[in-house]
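Remarks on the structure that follows.
All values derive from a computational prediction rather than experimental measurement.
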Amino acid sequence: MKNRSNAPMRTAKIGYIIASAALCLFGILLIVMPRISASIFGVACGMLLIVFGCVRLVGYFSRDLYRLAFQFDFPLGILLIALGIIMLINPVSLITFTCITLGIYILSDGLFKIQIAVESRKFGIGKWWLILASAIITAIFGLILLFRPGEGSNLLMILLGITLLCEGILNLSTVITAVKIVKNQKPDYFETDYSENDGGKF
């Protein structure tokens, strides 16, 4: 029985770390420079969301050992890619729409990560509480972003920056804590040969 390649899991984990770090840096940039041009914000944020969406899809199909960190990444990855494309098409006039949609996404991701934290505890992952704390904080900021899209532009950008920073930290803590790469991981299903000469037995 051949061992399953861990290349997809390794690619997903590295991509997750890089994309999450980029989210953190972009969030800090918005906090420090809230007067950033709307067009620059739209293009940069759109590209980042598309990349992160693709990374989440890779994670979903990587079939990691615990099946925890990436289990909700298929719908969330598609949502990120769709939102990123919309922002690239019209990066200037969709700031309010973007904040509302990002608020929904980040709130949903925070709630899903709360479930992942609970399941991580059952799996015996020692730092499950780190995922839980990050998820609760992120969900709160996602909710605030969702219901306060009409604030002044500077305050809104700062709030968006804080929310993206929390989202990046949440995903970093999740992928580092809950994704384990095993060198000689076995396939999910055992492969058996069937022979007519053995009376129909495996």
Test applied, side chain to side chain contact (heavy atoms under 4.5 Å, CB included); reference residue, Ser120; option that passes from Leu132, Ile131, Thr174: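 When Leu132, Ile131, Thr174 are each tested with Ser120, the side chain to side chain contact (heavy atoms under 4.5 Å, CB included) holds only for Ile131.
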Test of understanding: clusters of I, L, V, M, F, W, Y form through side-chain heavy atoms closer than 4.5 Å, transitively. Do [X] and [Y] belong to the same one?
X: Ile176; Y: Leu25; answer: no
X: Trp129; Y: Phe112; answer: yes
X: Leu159; Y: Met33; answer: yes
X: Ile36; Y: Ile162; answer: yes
X: Val55; Y: Ile14; answer: no

Test item: [X] and [Y] side chains (from C-beta on) under 4.5 Å apart, heavy atoms:
X: Phe72; Y: Arg56; result: no
X: Leu156; Y: Leu145; result: yes
X: Leu146; Y: Ile100; result: yes
X: Trp128; Y: Glu119; result: no
X: Thr163; Y: Leu102; result: no

No-hydrogen, no-angle side-chain donor-acceptor test under 3.5 Å, Gln71 and Gln115: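 Result is no, nothing qualifies.
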For Tyr105, enumerate each residue passing the ring-ring contact (aromatic ring centres under 6.0 Å, His included) test, keeping only those at least two apart in sequence or located in another chain. none
Looking only at heavy atoms, what is the nearest atom pair of [X] and [Y], with distance?
X: Ser134; Y: Ser173; answer: OG-OG, 3.7 Å
X: Leu170; Y: Ala135; answer: CD1-N, 3.5 Å
X: Cys99; Y: Leu160; answer: SG-CD2, 4.3 Å
X: Ser20; Y: Leu172; answer: CB-CG, 3.5 Å
X: Leu80; Y: Gly53; answer: CB-CA, 3.8 Å
X: Gly110; Y: Ala139; answer: CA-CB, 4.2 Å

From [X] atom [atom1] to [Y] atom [atom2], the distance as rounded to the nearest 0.5 Å:
X: Leu76; Y: Ile106; atom1: CG; atom2: CD1; answer: 11.0 Å
X: Ile104; Y: Asp109; atom1: CD1; atom2: CG; answer: 13.5 Å
X: Leu30; Y: Cys45; atom1: CG; atom2: SG; answer: 7.5 Å
X: Leu83; Y: Ile50; atom1: CG; atom2: CD1; answer: 9.0 Å
X: Phe52; Y: Ile81; atom1: CZ; atom2: CD1; answer: 11.5 Å
X: Lys113; Y: Thr138; atom1: NZ; atom2: OG1; answer: 9.0 Å

What orientation do Phe61 and Phe74 show, parallel under 30°, tilted 30 to 60°, or perpendicular over 60°? perpendicular
